[in-house]
Amino acid sequence: MADLCVRAPAKINLHLEVLGLRPDGFHELAMVMQSIDLADSLRLRPTADGQISLQCDRAELPTDSSNLVVKAGEMLRARSGFTELGAQIVLEKRIPIGAGLAGGSSNGAAALIGLNELWGLGFKSQELHSMAAELGSDMPFCLDGGTQLCFGRGELLEALAFNSTEPPALLLLKHPGVSVSTPWAYGRCKELRGDFYLEAEADFEQRRQALRQAPLLGAIAGNGSWPPLRNDLQAVVEPEVETVRQGLALLRQTEQHLAVAMSGSGPSLFALFSNLDQARTAHADLAERFELYGFESWCCGFSDRGASLLP
Ligand SMILES: C[C@@](CO)(OP(=O)(O)O)[C@H](O)COP(=O)(O)OP(=O)(O)OC[C@H]1O[C@@H](n2ccc(N)nc2=O)[C@H](O)[C@@H]1O
Ligand SMILES: Nc1ncnc2c1ncn2[C@@H]1O[C@H](COP(=O)(O)OP(=O)(O)O)[C@@H](O)[C@H]1O
(Lines give C-alpha, C1' and ligand atoms only; values in the text may rest on other atoms or scores of the structure.)
(Ligands and ions follow the chains in the order given, each with its own letter.)
Protein backbone atom coordinates (compact mmCIF):
# COMPACT_ATOMS: atom_id res chain seq x y z
CA MET A 1 0.00 0.00 0.00
CA ALA A 2 1.31 3.47 -0.87
CA ASP A 3 2.06 5.92 1.95
CA LEU A 4 -0.88 7.88 3.29
CA CYS A 5 -0.45 11.63 3.95
CA VAL A 6 -2.56 13.67 6.37
CA ARG A 7 -2.65 17.45 6.86
CA ALA A 8 -2.91 18.80 10.42
CA PRO A 9 -3.92 22.49 10.43
CA ALA A 10 -3.39 24.81 13.39
CA LYS A 11 -6.20 26.83 14.99
CA ILE A 12 -6.71 30.23 16.53
CA ASN A 13 -9.35 31.25 19.06
CA LEU A 14 -11.59 34.08 17.87
CA HIS A 15 -13.38 33.99 21.24
CA LEU A 16 -12.32 32.28 24.48
CA GLU A 17 -14.60 32.82 27.47
CA VAL A 18 -13.97 30.95 30.74
CA LEU A 19 -17.41 30.43 32.32
CA GLY A 20 -16.63 28.48 35.46
CA LEU A 21 -15.47 25.17 36.88
CA ARG A 22 -16.85 21.72 36.03
CA PRO A 23 -17.15 18.76 38.44
CA ASP A 24 -14.29 17.06 36.51
CA GLY A 25 -11.96 19.96 37.40
CA PHE A 26 -11.81 21.29 33.85
CA HIS A 27 -13.15 24.73 32.94
CA GLU A 28 -16.53 25.24 31.23
CA LEU A 29 -15.77 27.25 28.09
CA ALA A 30 -17.57 29.24 25.40
CA MET A 31 -15.29 29.61 22.38
CA VAL A 32 -15.15 30.25 18.66
CA MET A 33 -12.25 28.40 17.02
CA GLN A 34 -10.96 28.77 13.48
CA SER A 35 -8.63 26.49 11.48
CA ILE A 36 -5.83 28.28 9.66
CA ASP A 37 -3.59 27.52 6.70
CA LEU A 38 -0.53 26.79 8.83
CA ALA A 39 -0.29 23.01 9.06
CA ASP A 40 1.86 20.05 10.03
CA SER A 41 1.91 16.92 7.87
CA LEU A 42 2.00 13.22 8.74
CA ARG A 43 3.17 10.46 6.38
CA LEU A 44 1.91 6.97 7.36
CA ARG A 45 3.15 3.56 6.22
CA PRO A 46 1.71 0.24 7.49
CA THR A 47 4.03 -2.33 9.17
CA ALA A 48 3.40 -5.83 10.45
CA ASP A 49 5.61 -5.53 13.53
CA GLY A 50 2.92 -4.28 15.90
CA GLN A 51 4.96 -1.12 16.55
CA ILE A 52 3.91 2.50 16.11
CA SER A 53 7.18 4.27 15.32
CA LEU A 54 7.37 8.05 14.97
CA GLN A 55 10.07 10.17 13.36
CA CYS A 56 9.85 13.93 13.88
CA ASP A 57 11.97 16.82 12.59
CA ARG A 58 11.87 18.63 15.95
CA ALA A 59 14.35 17.29 18.54
CA GLU A 60 12.45 18.89 21.44
CA LEU A 61 9.41 16.72 20.78
CA PRO A 62 9.27 13.21 22.28
CA THR A 63 8.53 10.39 19.83
CA ASP A 64 7.28 7.92 22.46
CA SER A 65 3.76 7.49 23.88
CA SER A 66 3.88 11.01 25.29
CA ASN A 67 3.60 12.32 21.74
CA LEU A 68 -0.07 12.81 20.90
CA VAL A 69 0.44 11.12 17.51
CA VAL A 70 1.61 7.88 19.19
CA LYS A 71 -0.96 8.22 21.99
CA ALA A 72 -3.76 8.52 19.40
CA GLY A 73 -2.44 5.52 17.46
CA GLU A 74 -2.21 3.35 20.56
CA MET A 75 -5.78 4.27 21.57
CA LEU A 76 -7.13 3.50 18.09
CA ARG A 77 -5.33 0.13 17.99
CA ALA A 78 -6.53 -0.80 21.49
CA ARG A 79 -10.15 0.07 20.60
CA SER A 80 -9.90 -1.98 17.40
CA GLY A 81 -8.71 -5.11 19.23
CA PHE A 82 -6.14 -5.80 16.50
CA THR A 83 -3.02 -5.57 18.62
CA GLU A 84 -0.68 -6.60 15.79
CA LEU A 85 -1.34 -3.39 13.83
CA GLY A 86 1.77 -1.26 13.24
CA ALA A 87 2.77 1.89 11.40
CA GLN A 88 5.78 4.00 10.56
CA ILE A 89 4.89 7.69 10.92
CA VAL A 90 6.92 10.71 9.79
CA LEU A 91 5.80 14.01 11.30
CA GLU A 92 6.81 17.28 9.65
CA LYS A 93 6.26 20.18 12.07
CA ARG A 94 5.53 23.71 10.94
CA ILE A 95 3.20 24.75 13.78
CA PRO A 96 5.09 26.30 16.73
CA ILE A 97 4.96 24.03 19.80
CA GLY A 98 3.15 25.00 23.02
CA ALA A 99 1.97 28.16 21.31
CA GLY A 100 -1.82 28.21 21.72
CA LEU A 101 -2.28 26.87 18.18
CA ALA A 102 -3.19 23.26 19.13
CA GLY A 103 -0.36 21.80 17.11
CA GLY A 104 -0.22 18.72 19.29
CA SER A 105 -3.99 18.30 19.32
CA SER A 106 -4.09 18.68 15.55
CA ASN A 107 -1.38 16.04 15.13
CA GLY A 108 -3.39 13.66 17.31
CA ALA A 109 -6.52 14.29 15.27
CA ALA A 110 -4.58 13.67 12.05
CA ALA A 111 -3.25 10.38 13.46
CA LEU A 112 -6.79 9.22 14.33
CA ILE A 113 -8.08 9.98 10.83
CA GLY A 114 -4.99 8.69 9.01
CA LEU A 115 -4.55 5.42 10.92
CA ASN A 116 -8.28 4.68 10.80
CA GLU A 117 -7.91 4.82 7.00
CA LEU A 118 -4.47 3.13 6.80
CA TRP A 119 -5.57 0.19 8.95
CA GLY A 120 -9.05 0.02 7.35
CA LEU A 121 -10.75 0.08 10.78
CA GLY A 122 -13.92 1.85 9.67
CA PHE A 123 -14.44 3.80 12.92
CA LYS A 124 -17.22 6.35 12.39
CA SER A 125 -16.76 10.10 12.97
CA GLN A 126 -18.59 9.94 16.31
CA GLU A 127 -16.25 7.21 17.57
CA LEU A 128 -13.19 9.22 16.49
CA HIS A 129 -14.63 12.31 18.26
CA SER A 130 -15.11 10.30 21.44
CA MET A 131 -11.49 9.08 21.36
CA ALA A 132 -10.30 12.63 20.53
CA ALA A 133 -12.16 14.07 23.54
CA GLU A 134 -10.36 11.59 25.82
CA LEU A 135 -7.00 12.63 24.37
CA GLY A 136 -7.44 16.42 24.70
CA SER A 137 -10.07 19.14 24.95
CA ASP A 138 -9.12 20.79 21.66
CA MET A 139 -8.74 17.56 19.67
CA PRO A 140 -12.42 17.12 18.67
CA PHE A 141 -12.34 20.57 17.06
CA CYS A 142 -9.13 19.60 15.24
CA LEU A 143 -10.97 16.66 13.63
CA ASP A 144 -13.67 18.84 12.04
CA GLY A 145 -11.91 22.21 11.85
CA GLY A 146 -13.23 25.19 9.91
CA THR A 147 -15.16 27.66 12.09
CA GLN A 148 -16.90 26.26 15.16
CA LEU A 149 -18.59 27.31 18.37
CA CYS A 150 -16.95 25.13 21.06
CA PHE A 151 -18.59 24.53 24.44
CA GLY A 152 -18.07 22.19 27.39
CA ARG A 153 -14.35 21.48 27.81
CA GLY A 154 -14.09 22.42 24.12
CA GLU A 155 -15.43 19.16 22.72
CA LEU A 156 -19.09 20.24 22.08
CA LEU A 157 -19.06 21.69 18.56
CA GLU A 158 -21.54 23.77 16.53
CA ALA A 159 -20.34 24.44 12.98
CA LEU A 160 -20.37 28.01 11.66
CA ALA A 161 -19.56 29.22 8.13
CA PHE A 162 -17.83 32.37 6.95
CA ASN A 163 -20.28 34.06 4.62
CA SER A 164 -17.91 36.25 2.69
CA THR A 165 -16.52 35.80 -0.80
CA GLU A 166 -13.05 36.61 0.50
CA PRO A 167 -12.37 35.06 3.95
CA PRO A 168 -10.19 37.06 6.35
CA ALA A 169 -6.48 36.40 6.72
CA LEU A 170 -4.08 36.78 9.61
CA LEU A 171 -0.61 37.85 10.58
CA LEU A 172 0.68 35.52 13.30
CA LEU A 173 3.54 36.17 15.75
CA LYS A 174 5.33 33.80 18.08
CA HIS A 175 8.56 34.29 20.04
CA PRO A 176 10.65 31.10 19.58
CA GLY A 177 12.06 31.32 23.10
CA VAL A 178 8.71 31.52 24.88
CA SER A 179 5.96 28.95 25.47
CA VAL A 180 3.08 29.04 27.93
CA SER A 181 1.83 26.01 29.90
CA THR A 182 -1.91 25.59 29.35
CA PRO A 183 -2.47 24.12 32.85
CA TRP A 184 -0.62 27.10 34.34
CA ALA A 185 -2.76 29.58 32.39
CA TYR A 186 -6.02 27.99 33.53
CA GLY A 187 -4.74 27.65 37.09
CA ARG A 188 -3.79 31.33 37.16
CA CYS A 189 -7.20 32.27 35.72
CA LYS A 190 -8.83 30.39 38.59
CA GLU A 191 -6.65 32.23 41.14
CA LEU A 192 -7.51 35.63 39.68
CA ARG A 193 -11.19 35.16 38.75
CA GLY A 194 -12.35 32.03 40.51
CA ASP A 195 -14.53 34.03 42.93
CA PHE A 196 -16.55 35.32 39.95
CA TYR A 197 -16.91 31.98 38.13
CA LEU A 198 -20.46 31.03 37.14
CA GLU A 199 -21.68 27.82 38.77
CA ALA A 200 -25.20 27.00 37.56
CA GLU A 201 -25.79 25.22 34.25
CA ALA A 202 -28.54 27.79 33.53
CA ASP A 203 -25.91 30.54 33.72
CA PHE A 204 -23.57 28.56 31.44
CA GLU A 205 -26.41 28.18 28.92
CA GLN A 206 -27.23 31.90 29.11
CA ARG A 207 -23.63 32.68 28.14
CA ARG A 208 -23.71 30.14 25.29
CA GLN A 209 -26.88 31.77 23.96
CA ALA A 210 -25.30 35.23 24.28
CA LEU A 211 -22.30 34.10 22.22
CA ARG A 212 -24.56 32.64 19.51
CA GLN A 213 -26.04 36.16 19.12
CA ALA A 214 -22.81 38.14 19.64
CA PRO A 215 -21.50 40.71 17.10
CA LEU A 216 -18.60 38.30 16.35
CA LEU A 217 -21.10 35.84 14.84
CA GLY A 218 -22.46 38.71 12.73
CA ALA A 219 -18.96 39.49 11.44
CA ILE A 220 -18.45 35.79 10.62
CA ALA A 221 -21.79 35.74 8.78
CA GLY A 222 -20.52 38.71 6.77
CA ASN A 223 -22.94 41.29 8.11
CA GLY A 224 -21.21 43.61 10.50
CA SER A 225 -17.81 44.93 11.37
CA TRP A 226 -15.38 43.00 13.54
CA PRO A 227 -15.80 43.61 17.28
CA PRO A 228 -12.83 43.53 19.69
CA LEU A 229 -11.99 39.86 20.32
CA ARG A 230 -12.26 38.35 23.80
CA ASN A 231 -9.76 35.86 25.24
CA ASP A 232 -10.02 35.47 29.02
CA LEU A 233 -6.62 33.76 29.13
CA GLN A 234 -5.01 36.79 27.47
CA ALA A 235 -5.94 38.86 30.52
CA VAL A 236 -4.04 36.27 32.59
CA VAL A 237 -0.97 35.79 30.39
CA GLU A 238 -0.39 39.36 29.11
CA PRO A 239 0.64 40.85 32.51
CA GLU A 240 3.07 37.96 33.09
CA VAL A 241 4.78 37.60 29.67
CA GLU A 242 6.61 40.63 28.25
CA THR A 243 6.86 39.25 24.71
CA VAL A 244 3.06 38.92 24.63
CA ARG A 245 2.72 42.60 25.57
CA GLN A 246 5.35 43.57 22.99
CA GLY A 247 3.76 41.46 20.24
CA LEU A 248 0.27 42.85 20.86
CA ALA A 249 1.65 46.41 20.74
CA LEU A 250 3.42 45.69 17.42
CA LEU A 251 0.34 44.12 15.85
CA ARG A 252 -1.77 47.09 16.92
CA GLN A 253 0.56 49.29 14.84
CA THR A 254 -0.41 47.46 11.62
CA GLU A 255 -2.55 49.36 9.12
CA GLN A 256 -6.08 48.13 8.43
CA HIS A 257 -6.15 45.33 11.04
CA LEU A 258 -9.69 44.26 11.98
CA ALA A 259 -8.74 42.86 15.39
CA VAL A 260 -5.71 41.78 17.46
CA ALA A 261 -5.62 39.02 20.10
CA MET A 262 -3.65 36.18 21.69
CA SER A 263 -4.59 32.66 20.60
CA GLY A 264 -5.69 30.16 23.24
CA SER A 265 -3.32 30.01 26.22
CA GLY A 266 -0.68 31.73 24.09
CA PRO A 267 1.87 32.98 23.55
CA SER A 268 0.94 33.16 19.83
CA LEU A 269 -0.61 36.48 18.81
CA PHE A 270 -2.52 37.38 15.68
CA ALA A 271 -3.97 40.32 13.79
CA LEU A 272 -6.93 39.76 11.44
CA PHE A 273 -7.21 41.45 8.03
CA SER A 274 -9.90 41.53 5.35
CA ASN A 275 -7.74 39.51 2.97
CA LEU A 276 -4.29 37.98 2.45
CA ASP A 277 -2.97 40.97 0.47
CA GLN A 278 -3.62 43.31 3.41
CA ALA A 279 -2.00 40.82 5.81
CA ARG A 280 1.06 40.57 3.55
CA THR A 281 1.33 44.37 3.28
CA ALA A 282 1.20 44.70 7.06
CA HIS A 283 3.77 41.90 7.35
CA ALA A 284 6.14 43.67 4.95
CA ASP A 285 5.69 47.02 6.72
CA LEU A 286 6.66 45.62 10.13
CA ALA A 287 8.93 42.66 9.24
CA GLU A 288 12.06 44.46 10.44
CA ARG A 289 10.47 45.38 13.77
CA PHE A 290 9.20 41.80 14.28
CA GLU A 291 12.73 40.57 13.69
CA LEU A 292 14.23 43.20 16.00
CA TYR A 293 12.05 41.92 18.83
CA GLY A 294 12.91 38.31 17.97
CA PHE A 295 9.47 37.23 16.72
CA GLU A 296 8.81 34.57 14.11
CA SER A 297 5.96 35.71 11.88
CA TRP A 298 3.62 34.11 9.36
CA CYS A 299 0.88 35.29 7.03
CA CYS A 300 -1.84 32.74 6.47
CA GLY A 301 -5.44 32.37 5.45
CA PHE A 302 -8.33 30.63 7.16
CA SER A 303 -9.00 26.96 6.40
CA ASP A 304 -12.48 25.47 6.07
CA ARG A 305 -11.43 22.07 7.36
CA GLY A 306 -9.47 20.29 10.09
CA ALA A 307 -7.26 17.22 9.84
CA SER A 308 -7.69 15.74 6.38
CA LEU A 309 -6.28 12.99 4.14
CA LEU A 310 -4.21 14.38 1.28
CA PRO A 311 -4.89 12.92 -2.18
C1 LIG B 1 -6.34 26.77 25.92
C2 LIG B 1 -6.96 26.07 24.75
C3 LIG B 1 -8.00 26.97 24.08
O4 LIG B 1 -8.39 26.45 22.84
O5 LIG B 1 -6.03 25.71 23.73
P6 LIG B 1 -4.44 25.88 23.62
O7 LIG B 1 -4.07 27.24 24.04
O8 LIG B 1 -3.87 24.83 24.50
O9 LIG B 1 -4.17 25.64 22.16
C10 LIG B 1 -7.63 24.75 25.19
O11 LIG B 1 -8.65 24.99 26.14
C12 LIG B 1 -6.63 23.73 25.76
O13 LIG B 1 -6.98 22.49 25.20
P14 LIG B 1 -5.96 21.27 25.39
O15 LIG B 1 -4.57 21.76 25.19
O16 LIG B 1 -6.46 20.15 24.55
O17 LIG B 1 -6.16 20.97 26.94
P18 LIG B 1 -6.08 19.56 27.66
O19 LIG B 1 -4.84 18.87 27.20
O20 LIG B 1 -7.39 18.87 27.54
O21 LIG B 1 -5.92 20.05 29.18
C22 LIG B 1 -4.70 20.61 29.62
C23 LIG B 1 -4.99 21.32 30.94
O24 LIG B 1 -5.65 22.57 30.67
C25 LIG B 1 -6.67 22.81 31.63
N26 LIG B 1 -7.98 22.86 30.94
C27 LIG B 1 -8.09 22.49 29.64
C28 LIG B 1 -9.33 22.60 29.02
C29 LIG B 1 -10.43 23.06 29.76
N30 LIG B 1 -11.66 23.16 29.19
N31 LIG B 1 -10.28 23.41 31.06
C32 LIG B 1 -9.07 23.34 31.66
O33 LIG B 1 -8.95 23.69 32.85
C34 LIG B 1 -6.58 21.68 32.64
O35 LIG B 1 -5.69 22.09 33.66
C36 LIG B 1 -5.93 20.57 31.85
O37 LIG B 1 -5.22 19.68 32.68
N1 LIG C 1 2.85 16.03 18.08
C2 LIG C 1 2.97 17.04 18.97
N3 LIG C 1 3.17 18.30 18.54
C4 LIG C 1 3.26 19.33 19.43
N5 LIG C 1 3.18 19.20 20.77
C6 LIG C 1 2.98 17.94 21.22
C7 LIG C 1 2.85 16.82 20.36
N8 LIG C 1 2.64 15.73 21.12
C9 LIG C 1 2.63 16.14 22.40
N10 LIG C 1 2.86 17.46 22.48
C11 LIG C 1 2.91 18.25 23.74
O12 LIG C 1 1.66 18.91 23.85
C13 LIG C 1 1.82 20.20 24.46
C14 LIG C 1 0.86 21.14 23.81
O15 LIG C 1 1.20 21.08 22.46
P16 LIG C 1 0.46 22.06 21.45
O17 LIG C 1 -0.85 21.45 21.12
O18 LIG C 1 1.39 22.38 20.36
O19 LIG C 1 0.25 23.32 22.37
P20 LIG C 1 -0.81 24.44 22.15
O21 LIG C 1 -2.15 23.76 22.10
O22 LIG C 1 -0.64 25.32 23.31
O23 LIG C 1 -0.44 25.04 20.83
C24 LIG C 1 3.27 20.60 24.23
O25 LIG C 1 3.80 20.98 25.48
C26 LIG C 1 3.97 19.34 23.72
O27 LIG C 1 5.02 18.95 24.56
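These figures come from a predicted structure and were not determined experimentally. Atoms within a ligand are numbered from 1 in the order they appear, just like the ligands themselves. Starting from 1, each residue takes its place in the sequence as its number. Reckoned from all heavy atoms, side chains included, excluding hydrogens, waters and symmetry mates.
- The closest side-chain heavy-atom distance from Ser137 to His27 is not below 4.5 Å.
- Checking atom 14 (C) of ligand 2 against the protein gives no heavy-atom contact under 4.0 Å.
- With a 4.0 Å heavy-atom cut-off, ligand 1 is reached by no atom of Glu28.
- Geometrically, ligand 2 and Leu91 share no nitrogen or oxygen pair separated by less than 3.5 Å.
- Put simply, no part of Gly264 is less than 4.0 Å from ligand 2, judged by heavy atoms.
- The heavy atom nearest to atom 19 (O) of ligand 1, considering only Gly136, Ala102, Ser105, is found in Gly136.
- For the ligand labelled ligand 1, residue Met33 lies inside the 4.0 Å heavy-atom shell.
- If you check which protein heavy atom lies closest to atom 9 (O) of ligand 1, you get Lys11 NZ, 3.1 Å.
- Considering both main-chain and side-chain atoms, Ala102 comes within under 3.5 Å of ligand 2 through a nitrogen or oxygen pair.
- Inside a 4.0 Å radius of atom 11 (C) of ligand 2 there is not any protein heavy atom.
- Ligand 2 has no N or O atom lying under 3.5 Å from any N or O atom of Asp138, backbone or side chain.
- In terms of protein heavy-atom proximity, atom 5 (O) of ligand 1 is closest to Asp138 OD2, 2.8 Å.
- No N or O atom of Pro96 sits closer than 3.5 Å to an N or O atom of ligand 2.
- Aromatic rings of His175 and Tyr293 (six-membered ring for Trp) have centroids beyond the 6.0 Å cut-off, not under it.
- Put simply, the residue from Leu272, Leu276, Asp37 that forms a side-chain contact (heavy atoms from CB on, under 4.5 Å) with Phe302 is Leu272.
- Within 6.0 Å of the CD atom in Glu255, the count of heavy atoms belonging to other residues, nucleotides or ligands does not exceed 12.
- A salt bridge links Arg230 with Asp232: at least one charged nitrogen is closer than 4.0 Å to a carboxylate oxygen.
- The proximity of Met139 to ligand 1, defined as any non-hydrogen pair under 4.0 Å, does not occur for either the backbone or the side chain.
- With a 4.0 Å cut-off on non-hydrogen atoms, Leu29 touches ligand 1 through its side chain and not its backbone.
- For ligand 2, the atoms lying closer than 4.0 Å to a non-hydrogen atom of Asn107 are 1 (N), 2 (C), 3 (N).
- Close contacts between ligand 1 and Leu16 involve ligand atoms 3 (C) [criterion: under 4.0 Å to a heavy atom].
- Residue-ligand proximity, Ser66 to ligand 2, at heavy-atom distances under 4.0 Å covers atoms 9 (C).
- Closest heavy-atom approach to atom 37 (O) of ligand 1 within the set Phe26, Phe141, Trp184: this belongs to Phe26.
- The protein heavy-atom contact nearest to atom 35 (O) of ligand 1 is Pro183 CA, 3.9 Å.
- Nearest protein heavy-atom contact of atom 1 (C) of ligand 1 is Tyr186 OH, 3.5 Å.
- Between Glu201 and Arg207 there is no salt bridge, since no side-chain N of the basic residue sits under 4.0 Å from a carboxylate O of the acidic one.
- Around atom 18 (P) of ligand 1, the closest heavy atom drawn from Gly103, Ser106, Ser137 belongs to Ser137.
- In this model, a donor atom of one side chain and an acceptor atom of the other lie less than 3.5 Å apart for Thr182 and Ser265.
- The only member of Glu17, Lys11, His15 that meets side chain to side chain donor-acceptor pair (under 3.5 Å) when paired with Asn13 is Lys11.
- Atoms of ligand 2 lying under 4.0 Å from any heavy atom of Lys93, numbered from 1 in the order shown and given with element: 3 (N), 4 (C).
- Side-chain contact, Gln55 with Thr63: no donor N or O sits under 3.5 Å from an acceptor N or O.
- Using the six-membered ring where Trp is involved, Phe273 and His257 have ring planes that are perpendicular, over 60° apart on the 30 and 60° scheme.
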Intermediate values then yes/no, side-chain contact (heavy atoms from CB on, under 4.5 Å), Val70 and Asp64
CA-CA 7 Å; Val70 179; Asp64 60 8; over 6 Å; no
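- Heavy-atom neighbours of Glu240 CD from other residues, nucleotides or ligands within 6.0 Å: above the threshold of 12.
- Between Arg7 and Asp40, none of the side-chain N atoms (NZ, or NE/NH1/NH2) sits under 4.0 Å from a carboxylate O, so this pair counts as no salt bridge.
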Cys299 vs Arg280, side-chain contact (heavy atoms from CB on, under 4.5 Å): CA-CA, chis, key distance, verdict:
CA-CA 6 Å; Cys299 271; Arg280 286 189 180 126; 4.1 Å; yes
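- Close approach of ligand 2 to Gly98 (heavy-atom distance below 4.0 Å) involves ligand atoms 16 (P), 18 (O), 19 (O), 22 (O).
- When only non-hydrogen protein atoms are considered, atom 8 (N) of ligand 2 lies nearest to Leu68 N, 3.0 Å.
- Taking a cut-off of under 4.0 Å to the non-hydrogen atoms of Leu101, the atoms of ligand 2 that pass are 20 (P), 23 (O).
- For atom 33 (O) of ligand 1, the closest heavy atom belonging to the protein is His27 ND1, 2.9 Å.
- If you check which protein heavy atom lies closest to atom 24 (C) of ligand 2, you get Ile97 CG2, 4.2 Å.
- Protein heavy atom closest to atom 3 (C) of ligand 1, with residue, atom name and distance, is Asn13 ND2, 3.5 Å.
- No side-chain donor-acceptor contact under 3.5 Å links Arg188 to the backbone of Val237.
- Looking only at atom types and distance, the side chain of Thr147 has a donor-acceptor partner in the side chain of Gln34 under 3.5 Å away.
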Walk me through it: do Arg79 and Glu127 pass the test salt bridge (charged side-chain N to carboxylate O under 4.0 Å, His left out)?
CA-CA 10 Å; Arg79 297 285 160 90; Glu127 294 167 298; over 6 Å; no
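- For ligand 2, the polar-atom distance check against Leu61 finds no nitrogen or oxygen pair separated by under 3.5 Å.
- Between Glu28 and Arg208 there is a salt bridge, with a side-chain nitrogen of the basic residue lying less than 4.0 Å from a carboxylate oxygen of the acidic one.
- Nearest protein neighbour of atom 8 (O) of ligand 1, counting heavy atoms only, is Thr182 OG1, 3.1 Å.
- Considering each of Gly104, Cys56, Gly100, the one bringing a non-hydrogen atom nearest atom 17 (O) of ligand 2 is Gly104.
- Counted by atom type alone, Arg289 and Gln253 present one or more donor-acceptor pairs between their side chains at under 3.5 Å.
- Those atoms of ligand 2 that come under 4.0 Å of a heavy atom in Gly103, given as number and element, are 16 (P), 17 (O), 18 (O), 23 (O).
- Within ligand 2, the atoms closer than 4.0 Å to a non-hydrogen atom of Ser105 are 17 (O), numbered from 1 in the order shown.
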